[in-house]
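What follows is a set of notes on a single structure, which appears directly below.
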Amino acid sequence: MKHTNLKRFIFFVFGIIIFLPLIVDEIHHPQWMVLDGAYNIPAPPVFNRENWMNGIYQKDFENNKETKFSLRPLFVRLRNQLYLNLWGEVNVNDQLMGKNRLLFSIVGMRRYLGMDCLGRDEVKKRVLNIKTMRDKLEQKHIKFVLVIDPSRQYFYRDYFPEPYASTPVKMNDYALFKEQLNENNIDFLDLTVFFDKIRNSAKYPLYSNTGFHWTTYGAELATDTFIKYIEERTHTKLPGREWQGVDVTDTPRKPDDDIGLAMNLLWNIKEPMLAYPNIKIINNGEKKPNVLVMGDSYFNNMFDRGIFGNIFSDSSTFWYYNMTVRSKFHEDRKTQSYNLDTELKKRDIVIFMINNTNFNGFPFDFDKRILELP
Amino acid sequence: MLFSSNFFILYFLPIFFLVFFASPAKLKNYVALLGSVIFYAWGAPKFIFILTGSTLADFFIAQFIAKSETRQRRLWLGLGIFLNVSLLCYFKYANFFVRNMDHILVHFKHAPIHWAEVALPIGISFFTFHKLSYLIDVYRKADKPLQKISDYFLYIMLFPQLIAGPIIRFHEISNQIANRHLVKDKIDDMLAGLLRFIIGLAKKVLIANVIGQEADFVFGTGIHDLTTINCWIGILAYTFQIYFDFSGYSDMAIGLGRMMGFVFPENFNNPYISQNITEFWRRWHISLSNWMRDYLYIPLGGNRVSKSRTFFNLWVVFLISGLWHGAAWNFIIWGVYHGTLLIMDRLFFLKLMSKAGKIIRTPLTFILIMIGWVFFRSPNLRYALGFLKRMFVFSGKEMPFLSSHLLTLMLLATLFCFVWSNKKLQSLQMQLYQPGNTVFGILVKSSFAIGAFWLCVLELSASGFNPFIYFRF
C-alpha cells in the first residue's frame, strides 16, 4: 500500500463532504437561499402504523429531508446555472430558451404553430355559445366586450428555439376564433394587431427576456387602447390617464421577470432597459363602470396596477379562468361560492380577456354558467 | 430508498458508515445486518416479515441438508427450492397468470377470476436466487452451511446487493462473511469502494437518467406517430440507458461492498463491444449468467448431452431468464429471442461471422442487442412488434430535435461503451476503479470523484424541482 496517509486524508475529505449537508442542517437550519416559482412543499410526515406499513411515512420523510435541507436552494441554483451556461437549459415547467436568450412557453409555441388546434367545428360551437351569451347579457342591459391579448409567441416568432423554429405554422385556434367571431358579428379588440403596429415605434420593450407576459410598459400601452375601445363600445366616457414619464431600469420589476425568478439561477439573465410608466388618473366626475372581467393572467398586470378603482368601479371583480375571483377587497375566492345571477345584477360590463395562445379552454365554461341562468 | 437519491447519499450512507467504521471488527457483520434490515424495512415494511420468515426457514433447511444423507438431503433441498420458488411465483407471476387466464376465460365467454393484485416485494428476484444458491451450494457440498444465523441473514440481506444485485453465489462470499473478524478496514478498499460508488452514481444520475428521458418520450409516443428515425433514436437511447443504469447500480453495489470489506463479483464487462451474442452474455449481467449456468443449465445437462438437447436447454434457460426479468410476454419473448440467437450462434452464425472483421461483427451484434431491447422496453408485445415494424419500414423523413445536452451525452455514452474495444485502453479501465499508486494519480482521480459526486448531488437536488411560474395557468 502506497501513500496511505494521503489516501486516508482524501477519504476523510470525502467524509466531510458527504456529511456537509447534515452538519449544515444542524448548525444552520433555515435554508440559505429561497427558491422562487410555484411548487409544492411536502407535508411533514405523520407517523402511525398504517402510514408506516404503506410506506407513506417513509416517502414523506424522504421528501421532507430531500426538499428541506439547508443547502438545497444553493445546490438547485448552482445546477440550474451550470445547465443554463452549458446547454442553454431552463429548469422551469413549460419553458424553453430561444434565440437571444428569450424564453418561450412550450404550450404557447405549440398553440401558435397550430399543433394542438381545436378545429373549426369546435371553435364554431364555442363562438355560437359566446354569441348567445352576449345576447342574453344584452337582454339584461349588460354590455359584453371581448379583448384578445398578444402573447410573446406572436411577437417573437423568429426567436423560437428548435424544434419549433423550423416547424411550419398551421391553422391555429387564434385564427379560427377570429374567423368565427367575424362571421358571427361579435365585436372584439385584438391587441395583437395593436402590438404589431407599434412593434418598431415603441420606445421600450413590450416583452422582457424573462417574463411570461407583456411588460408593464406594454400592458400600460395596451390599457390605453383597451379603455378607448370600451368607451367606443359603451358610448361612455371613462376617467382619463395621463402619462407622466417613465422610470427606466435594467432591473426588472414584478412581474416582468416572473420566469427569470422561477429559473432559480445564481445570476439573473440580463434584461434590456425596461420602462415603468407613471400614470396619473384624471377624473372629472366620469362614472366608473362596474365590470366583471373573466380571463387569464394577462389581466393580472392591469389588476395589480389598479385598474379597478382608477378606471372601473372599486367593486369590480376579476374572474381568473372562471376559477378564482380577485377583488380589491378580499383574498382570492373560489367562483363556486358566488351566485352569478346576483353578481351580474351589479355589473355594467362583462369583459372577456384572453391571450391569443390560450383559446384551448376558453371561455372556461363561463358562457355555460350564464346560459343556465333564468 | 434508492442509492441514487439524496436521502440515501446524504443521510443513510454517512450515518451507516460512521457507525460501521467506528465498530470493532467482530461487530461489523451485526452493524451491516442492522443497516440492511433498516434499509429493507424502510422501503418495504410489509415484506420484511416474508423476507425474514423465509430466510429463517432456509437457514434451518440448509442445516438439515448438511446433516442428512442422500435421499433425505434431496428431499430437504426439494422443500427449500419449492418454498422459495413458490414465493417468487406467487408474488411475481400470480398477477400475470391470472391476467392470461382471464383472457382465455373471457374468450370462451366465462367470467374472469376475481383477484386482488399482489404487490411485488422489492428485490424478490435477487434474494430468491441468493437463497437458492445457498441451499444448492450446501447440498452440493460446495460450502458448509453458515453456523451463525446472523451471517446467513447478512448474506441474503446485505443492502448493497439486496435490491438489484449483483447475484452473488454463496460459495463466492461464504468465506468473506464467516471470517469477517479477520478483516481489517483497509484504506485502499475504502477509497477504491468510494470511487467505484461515485462512478456508478455518475453513470446512473448524469447519463442514464438524462438519456432515459428521451427513451421514455419515444416509447411514450403512439406507434402511428413514430417515424423510423425516432424509433432508432429511442431504442439507441434506451440501449444506453439500461446499460448505464444497471451497470451504474452494480458499480454502486460493488463499491459499497468494497468499502465494507466485501469483494462482490463483477457484473458487466463492456457488453456492447461484444462481437457476437454468445460473447454478449459473457459480458452482460455476468452474475445472472453464472447463476443460470451453475444452477440451471448444468443441472439440465448443459453441453454434455446431445446437440438438440443442448439447444433445448439453452432455450429453456433463456426463456426462464426472460421471465425472471419481468412477468410479461415481452420479457419472455426477449428471453426466447436471445436463446434463439445463441442457438443460431452455435449452429452457424459464429462460423459465418468469423470471416467478417470486428468492424462488422461489433455493430451487427449491437443492432441485434438493440432489437432485443425493443421487447424489453415496450409496454406490451403489440407495441414492441409495431415499434420493430416502424424501425424497418422507413417512414417519415423529418429529423427529430435533439438538445445539445442529449447529443453530448449520447456521444459520451457511445464513447464509454465502445472505446474499450481497444485492448490497450481496456487495461486502463480497471485502473480507473483503483485509487492509484502515485500522488498525482490519487489526487487527479479524487478530484474527479469529488467533482462527479457534487454534480450528482446537484442534479439530484434539482431533478424533480421543475417549478411552475404560477400555480394557476
Side-chain angles (χ1 to χ4, degrees), chain A residues 1-4 6-8 10-11 13-15 17-22 35-39 52-55 58 61-63 65-67 69 71-72 75-76 78-80 82-83 86-89 91-95 107 162-164 166 212 258-259 261-262 264 296-297 320-321 323-324, chain B residues 1-2 5-11 13-15 17-18 21 41-46 186-188 190-191 194 198 398-406 408 435-439 441-443 445-446 449-450 453-455 457-473:
Chain A
M1 276 200 291
K2 280 183 177 175
H3 311 294
T4 307
L6 177 64
K7 287 173 185 170
R8 280 200 184 123
I10 287 168
F11 195 80
V13 170
F14 266 115
I17 287 172
I18 289 179
F19 266 102
L20 193 66
L22 255 176
L35 289 172
D36 290 306
Y39 52 92
W52 173 264
M53 292 309 280
N54 292 326
Q58 294 90 316
F61 188 90
E62 282 184 34
N63 272 344
K65 282 286 172 201
E66 291 200 353
T67 52
F69 70 91
L71 292 175
R72 184 174 181 247
F75 288 175
V76 170
L78 258 168
R79 184 264 188 202
N80 289 351
L82 190 71
Y83 275 46
L86 280 177
W87 322 110
E89 274 185 17
N91 191 23
V92 183
N93 211 295
D94 182 44
Q95 295 296 316
V107 171
E162 288 295 350
Y164 303 101
S166 51
F212 191 91
D258 48 7
I259 312 176
L261 290 174
N264 288 303
D296 58 25
S297 51
Y320 183 46
Y321 281 95
M323 285 178 73
T324 42
Chain B
M1 199 189 316
L2 294 170
S5 68
N6 271 347
F7 183 70
F8 179 81
I9 298 167
L10 303 177
Y11 292 91
L13 211 56
I15 294 170
F17 274 110
L18 186 71
F21 289 132
W42 182 265
K46 273 184 187 163
K186 289 184 200 151
I187 189 62
D188 266 29
M190 287 153 64
L191 200 53
L194 187 61
I198 293 170
E398 283 166 39
M399 190 64 198
F401 170 73
L402 300 175
S403 69
S404 50
H405 185 190
L406 179 68
T408 314
N437 283 321
T438 61
V439 173
I442 296 166
L443 288 176
K445 279 183 197 171
S446 305
I450 289 172
F453 177 80
W454 276 118
L455 279 180
V457 171
L458 297 188
E459 180 62 29
L460 289 171
S461 302
S463 66
F465 180 76
N466 186 223
F468 290 88
I469 305 162
Y470 305 105
F471 269 121
R472 294 158 302 177
F473 259 107

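Numbered from 1 within each chain, the chains take letters A, B, ... in sequence-line order.
Taking the ring centroids of B:Phe21 and A:Phe11, they lie under the 6.0 Å cut-off.
Using a 4.5 Å cut-off between heavy atoms, B:Leu460 makes no contact with chain A at all. Contact of A:Val107 with chain B is not made at all, since no heavy-atom distance falls under 4.5 Å. For B:Phe453, the part lying under 4.5 angstrom from a heavy atom of chain A is the side chain only. Only the backbone of B:Ile9 comes within less than 4.5 Å of a heavy atom of chain A; no side-chain atom from C-beta onward does. When heavy atoms are compared at a cutoff of 4.5 Å, B:Ser404 approaches chain A by way of both its backbone and its side chain. In this structure, chain A has heavy atoms under 4.5 Å from both the backbone and the side chain of B:Ser5. The contact between B:Ala449 and chain A is made by backbone and side chain atoms together, counting heavy-atom distances below 4.5 Å. Both the backbone and the side chain of A:Ile17 come within contact range of chain B, with heavy atoms under 4.5 Å apart. Within the 4.5 angstrom heavy-atom criterion, atoms from both the backbone and the side chain of B:Ile15 approach chain A. Using a 4.5 Å cut-off between heavy atoms, A:Leu261 makes no contact with chain B at all. No part of A:Tyr164 comes within reach of chain B, as not one of its non-hydrogen atoms sits under 4.5 angstrom from that chain.
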Please step through side-chain contact (heavy atoms from CB on, under 4.5 Å) for the pair B:Ser461 and A:Arg79, ending with a clear verdict. CA-CA 8 Å; B:Ser461 302; A:Arg79 184 264 188 202; over 6 Å; no

Might you work through the side-chain contact (heavy atoms from CB on, under 4.5 Å) test for A:Lys7 and B:Asp188, ending with a clear yes or no? CA-CA 7 Å; A:Lys7 287 173 185 170; B:Asp188 266 29; 2.9 Å; yes

Check against side-chain contact (heavy atoms from CB on, under 4.5 Å), A:Phe14 and B:Ile198: CA-CA 11 Å; A:Phe14 266 115; B:Ile198 293 170; 3.4 Å; yes

Would B:Phe17 and A:Ile18 count as a side-chain contact (heavy atoms from CB on, under 4.5 Å) if you check the C-alpha gap in whole Å, the side-chain angles of each, and the deciding distance to 0.1 Å? CA-CA 11 Å; B:Phe17 274 110; A:Ile18 289 179; over 6 Å; no

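Proximity of A:Val13 to B:Ile450: side-chain heavy atoms (C-beta onward) are separated by under 4.5 Å at one or more points. In this structure, A:Leu71 and B:Val457 have side chains that are not in contact, with every pair of non-hydrogen atoms separated by 4.5 Å or more. A:Phe19 places a side-chain heavy atom less than 4.5 Å from the side chain of B:Leu18. Inter-residue side-chain proximity for A:Glu62 and B:Trp42 is flagged as met; some heavy-atom pair is nearer than 4.5 Å.
Atom OG1 in B:Thr408 sits 8.5 Å away from atom CG in A:Leu86 (nearest 0.5 Å). Taking CG of B:Asn6 as the reference point, atom OG1 of A:Thr67 lies at 10.5 Å (rounded to 0.5 Å). Rounding to the nearest 0.5 angstrom, the gap separating the CD1 atom in B:Ile442 from the CG atom in A:Leu6 is 5.0 Å.
Nearest heavy-atom pair, A:Val76 versus B:Ala462, reported as atom, atom and distance to 0.1 Å: CG2-CA, 4.1 Å. Nearest approach of A:Met53 to B:Pro45, heavy atoms of both residues: O-CG, 3.5 Å.
Residue B:Lys445 qualifies as enclosed at atom NZ: its count of foreign heavy atoms under 6.0 Å is above 12.
Residues satisfying the salt bridge (charged side-chain N to carboxylate O under 4.0 Å, His left out) criterion with A:Glu66, sequence neighbours excluded, are absent altogether.
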